Undergrad: 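Got a structure here, written out as structure tokens. Questions coming.
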Amino acid sequence: MKKGNDFFNDVYDVVRQIPVGRATSYGAIAAYLGQKRGARQVGWAMGSSYQEHDIPAHRVVNKAGELSASQLFETPTTMQERLESEGVKVDNNRIMDWDKVFWDPEKELI
DNA sequence: TGCTTGACGACGA
DNA sequence: CTCGTCGCCAAGC
């Protein structure tokens with residue numbers, strides 16, 4: 001059986017709980033999972049199979065609120081349009097009011 | 001088996 | 001505030 005898949009499943013579970021109009025960072029998820037230094041692995045895990053799962057990957061951005069994954073979506077603007085559709089303002093691939101939109105699983109999630 | 005890359009983060013200039 | 005460098009972990013070649 002797989003062994004490191006638990007990390008994947010946990011990442012997906014956290015992402016699914018992200019409320020609409022909010023967003024979180026890879027580092028925050030990694031820290032919530034106890035892998036504070038696994039921020040890159042979070043993005044790698046999702047990018048490897050997020051299409052096979054039903055998770056709002058567009059609500060996950062880097063610590064700077066930048067849509068670094070926008071070009072991995074169907075189109076380079078899909079991620080931005082989806083966020084704006086949920087009420088999140090995006091400017092130059094960066095979330096505006098990031099400090100307000102930021103959703104910390106360690107504090108919001110129990 | 002070993003080197004390189006990557007949806008990142010923190011620190012310094 | 002923006003740019004550049006180093007560090008972490010896992011997968012790919």
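Here the structure is a predicted model, which means the values were calculated and not measured. Throughout, protein chains are lettered first and strands after them, A, B, ... in sequence-line order, and every chain is numbered starting at 1.
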Undergrad: Short of 4.0 Å, heavy atom to strand atom, which residues of residues 75-105 of chain A count as contacting DNA chain C?
TA: none

Undergrad: Go through A:Ser25 and A:Asn62 one step at a time and tell me if the side chain to side chain donor-acceptor pair (under 3.5 Å) criterion holds.
TA: CA-CA 5 Å; A:Ser25 65; A:Asn62 60 18; over 6 Å; no

Undergrad: At under 4.0 Å between heavy atoms, what does A:Ala57 touch on the DNA or RNA strands: base, sugar-phosphate, or nothing?
TA: base

Undergrad: Dot-bracket, 5' to 3', for DNA chain B please: Watson-Crick or G-U pairs under 3.5 Å, [ ] where pairs cross earlier ones, | where the partner sits on another strand, dots elsewhere.
TA: .|||||.||||||

Undergrad: Kindly indicate whether a cation-pi arrangement holds for A:Lys107 with A:Tyr32, taking the cut-offs as under 6.0 Å to the six-membered ring centre and within 45° of the axis.
TA: no

Undergrad: Base, sugar-phosphate or nothing for A:Val60? Non-hydrogen atoms, less than 4.0 Å.
TA: base

Undergrad: Would you indicate what A:Ala39 reaches in the nucleic acid, counting non-hydrogen atoms under 4.0 angstrom: base, sugar-phosphate, or nothing?
TA: sugar-phosphate

Undergrad: Provide a list of protein-nucleic acid N or O atom pairs under 3.5 angstrom, restricted to nucleotides 9-13 of chain C.
TA:
unit_1 : atom_1 : unit_2  : atom_2 : d
C:dC9  : O4'    : A:Gln41 : NE2    : 2.1
C:dC9  : N1     : A:Gln41 : NE2    : 3.4
C:dC9  : O2     : A:Gln41 : OE1    : 2.9
C:dC9  : O2     : A:Gln41 : NE2    : 2.9

Undergrad: Apply side chain to side chain contact (heavy atoms under 4.5 Å, CB included) to A:Ala45 and list each qualifying residue two or more places apart in sequence or on a separate chain.
TA: A:Phe8

Undergrad: Which of residues 12-33 of chain A have a heavy atom under 4.0 Å from DNA chain C?
TA: none

Undergrad: Assess whether atom CZ of A:Arg16 is packed by more than 12 heavy atoms of other residues, nucleotides or ligands within 6.0 Å.
TA: yes

Undergrad: What is the separation between atom CZ on A:Arg59 and atom C1' on B:dA7, rounded to the nearest whole Å?
TA: 17 Å

Undergrad: Does either side chain, that of A:His58 or that of A:Gln80, offer a donor lying less than 3.5 Å from an acceptor on the other one?
TA: no

Undergrad: Please list each protein N or O that sits under 3.5 Å from an N or O in nucleotides 11-13 of chain B, with the distance.
TA:
none

